[in-house]
Amino acid sequence: MSDLNIKNIAFYAFFKPAFDLEHTRDVLHDRMGELEVKGTILLGPEGINCSLSGTREKMDTFLQFLLETINIPAPQLKISYSKEIPFKRSLVKVKPFIVAKPGSTPIDPTVDCAPYISPEEFHQWIKDNKKMVVLDTRNDFEYQAGRFKNSLHLGTKHFADFEGDLQKAPQEWQSTPIVTFCTGGIRCEKAAPLMLKKGFQEVYQLDGGILNYFKKVGRGYFEGECFVFDERIALTQSS
């Protein structure tokens with residue numbers, strides 16, 4: 001661990017910003033430059049989504065500055081360490097959404113919610129062979145790289161197509177417990193409530209996604225690699 005001097009942090013938070021998005025974008029971008037923090041911050045009317053990297057001390061300094069600037073409680077962080085910074089640029093963007101819409105049905109994660117299931121309970125459900133659908137809401141190439149044991153996929157190529165792909169779901173899914181998962185949890189914040197709106201009766205979202213499962217359980221029942229959108233390409237539990 002001693003040579004892993006780079007701290008990588010990812011998190012998201014859904015909230016209604018009380019600050020000016022464009023001004024905050026510029027303030028955060030300037031501070032990233034000062035501290036040599038790389039990665040991307042997405043700001044939007046529905047919240048914030050970040051994937052950031054820097055030396056340990058500078059990353060901690062920037063995170064404190066970021067949370068004070070946007071004035072939100074400390075979110076659940078996905079933290080890993082590496083020898084090198086996996087991002088090449090420092091970007092702060094203002095977008096209409098911090099994660100793509102899964103279809104045409106309006107979903108507001110600050111209002112529309114689905115219950116979470118902890119990695120530990122989800123792991124136990126698999127161990128107990130509980131009757132359920134384990135549904136991967138990621139894109140198809142991510143599913144091909146790695147997935148949970150016996151998980152299913154609707155052939156979704158882009159998350160924006162998820163609602164349309166739900167038409168492929170068997171009728172029995174309507175009354176079967178469904179656990180949705182993605183890399184860090186953000187896509188399920190929209191996919192799981194959408195499924196509830198579409199008539200699926202019992203839908204959960206894996207709290208913190210695959211990355212939190214790795215943190216809390218280890219490799220467990222995950223098979224293959226977890227694709228991440230940076231220069232590392234894919235993570236295993238030990239990454």
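Start at 1 with the first residue, then count along the sequence. Not measured: the values here are computed from a predicted model.
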Without swapping roles, check the side chain of Thr105 against the backbone of Leu194 for a donor-acceptor pair under 3.5 Å.
no

What are the two closest heavy atoms between Pro193 and Cys188, and how far apart are they?
CD-O, 3.5 Å

Nearest non-hydrogen partners of Ser51 and Ala10, listed with the distance:
OG-CB, 4.1 Å

Heavy-atom count around Glu120 CD within 6.0 Å, excluding the residue itself: above 12?
yes

Rounded to the nearest 0.5 Å, what's the gap from CD1 on Ile79 to CD1 on Ile9? Could you check?
5.0 Å

Go through the steps for Trp125 and Tyr221 under the test ring pair (Phe, Tyr, Trp, His ring centres under 6.0 Å), then give the verdict.
CA-CA 11 Å; Trp125 280 15; Tyr221 291 105; over 10 Å; no

Assess whether side chain to side chain contact (heavy atoms under 4.5 Å, CB included) is satisfied between Lys93 and Ile41, documenting all intermediate values.
CA-CA 6 Å; Lys93 300 179 179 180; Ile41 299 174; over 6 Å; no

If only atom types and distance count, is the side chain of His158 paired as donor or acceptor with the main-chain N or O of Ala160 below 3.5 Å?
no

Do Lys190 and Glu163 sit within salt-bridge range, that is, some charged N less than 4.0 Å from a carboxylate O?
no

Is there a path from Leu42 to Phe65 through hydrophobic residues (I, L, V, M, F, W, Y) whose side chains come within less than 4.5 Å of each other?
no

Just do the side chain to side chain contact (heavy atoms under 4.5 Å, CB included) check on Asn139 and Phe162 with the steps written out, would you?
CA-CA 9 Å; Asn139 298 337; Phe162 182 77; over 6 Å; no

Looking at Asp136 and Arg138, would you say the former's side chain and the latter's main chain have a donor-acceptor pair under 3.5 Å?
yes

The single option from Phe214, Phe122, Tyr213, Phe181 that satisfies ring-ring contact (aromatic ring centres under 6.0 Å, His included) with Phe222 is Phe214

Following the transitive rule for hydrophobic clusters with a side-chain heavy-atom cut-off under 4.5 Å over Ile, Leu, Val, Met, Phe, Trp and Tyr, establish whether Val179 and Ile126 coincide in one cluster.
yes

Would Tyr116 and Glu189 count as a side chain to side chain donor-acceptor pair (under 3.5 Å) here? Give the steps.
CA-CA 9 Å; Tyr116 297 98; Glu189 298 278 7; 2.9 Å; yes

Set of residues satisfying salt bridge (charged side-chain N to carboxylate O under 4.0 Å, His left out) with respect to Lys101, sequence neighbours excluded:
none

Would a 4.5 Å heavy-atom cut-off, applied to side chains only, mark Ile117 and Gln205 as touching?
no

Side-chain donor or acceptor of Arg56 paired with backbone N/O of Tyr81 under 3.5 Å:
no

Side-chain donor-acceptor pair present, Ser118, Asp207, cut-off under 3.5 Å
no

Rounded to the nearest 0.5 angstrom, the CG-CG distance for Leu35 and Leu52 is 11.0 Å

Which heavy-atom pair separates Pro86 from Asn8 by the least distance, and what is that distance?
CD-OD1, 3.2 Å

Here the gap from Leu63 atom CG to Glu68 atom CD, rounded to the nearest 0.5 Å, amounts to 10.0 Å

Look at the side-chain heavy atoms of Ile, Leu, Val, Met, Phe, Trp and Tyr, link any pair under 4.5 Å apart, and say whether Val203 and Met132 land in one connected group.
no

Nearest heavy-atom pair of Ala114 and Ala192: which atoms, and what distance?
CB-CB, 3.5 Å

From Gln201 atom CD to Gln174 atom CD, the distance as rounded to the nearest 0.5 Å
7.0 Å

Counting N and O atoms only, with roles assigned by atom type, does the side chain of Thr156 sit under 3.5 Å from a partner on the main chain of Phe159, one being a donor and the other an acceptor?
no

Worked verdict on Cys226 versus Leu211 for side chain to side chain contact (heavy atoms under 4.5 Å, CB included):
CA-CA 8 Å; Cys226 177; Leu211 299 183; 4.2 Å; yes

Are there more than 12 heavy atoms of other residues, nucleotides or ligands under 6.0 Å from atom CD of Glu22?
yes

With side chains defined as the heavy atoms from C-beta onward, is the minimum distance between Val133 and Leu152 less than 4.5 Å?
yes

Check: Lys58 side chain, Met32 main-chain N or O, donor-acceptor pair, under 3.5 Å
no

State the CD1-NZ distance between Ile48 and Lys95, to the nearest 0.5 angstrom.
15.0 Å

Whether Lys83 and Asp3 form a salt bridge (side-chain N of Lys/Arg under 4.0 Å from carboxylate O of Asp/Glu) is what I want to check.
yes

Which is it for Leu135 and Tyr204 under the side chain to side chain contact (heavy atoms under 4.5 Å, CB included) test, yes or no, and what are the steps along the way?
CA-CA 10 Å; Leu135 180 61; Tyr204 304 89; over 6 Å; no

When clusters are formed by joining ILVMFWY residues with side-chain heavy atoms under 4.5 Å apart, either directly or through shared neighbours, do Phe19 and Phe14 land in the same one?
no

Electrostatic pair Lys149-Glu223, nearest N-O below 4.0 angstrom:
no

How long is the gap from NE2 on His23 to CG on Leu28, to the nearest 0.5 Å?
9.0 Å

Under-4.0 Å salt bridge between Arg25 and Asp30:
no

Indicate yes or no: at least one non-hydrogen side-chain atom of Leu166 is less than 4.5 angstrom from one of Trp173.
no

Judged by atom type as modelled, is there a donor-acceptor pair below 3.5 Å linking the side chain of His123 to the main-chain atoms of Lys216?
no

Please identify which of these residues, Tyr12, Phe15, Phe97, meets the side-chain contact (heavy atoms from CB on, under 4.5 Å) condition with Glu46.
Phe97

Between the side chain of Ser151 and the main-chain N/O of Arg147, is any donor-acceptor distance below 3.5 Å?
no

Do Val92 and Phe62 sit in the same hydrophobic cluster, where Ile, Leu, Val, Met, Phe, Trp and Tyr count as joined when their side-chain heavy atoms come under 4.5 Å apart?
yes

Would you check if the side chain of His29 reaches a backbone N or O of Ser90 as a donor-acceptor pair within less than 3.5 Å?
yes

Yes or no on salt bridge (Lys or Arg N to Asp or Glu O under 4.0 Å) for Glu172 and Lys131, after CA distance, side-chain angles and deciding distance?
CA-CA 12 Å; Glu172 59 264 26; Lys131 183 180 179 181; over 6 Å; no

What one should report as the nearest heavy-atom pair of Val217 and Gly220 is CG1-CA, 4.4 Å

What are the two closest heavy atoms between Asp165 and Lys157, and how far apart are they?
OD2-N, 4.5 Å

Pair Gln124-Asp128, side-chain donor/acceptor within less than 3.5 Å:
yes

Do the side chain of Asn49 and the main chain of Ile98 share a donor and acceptor less than 3.5 angstrom apart?
yes

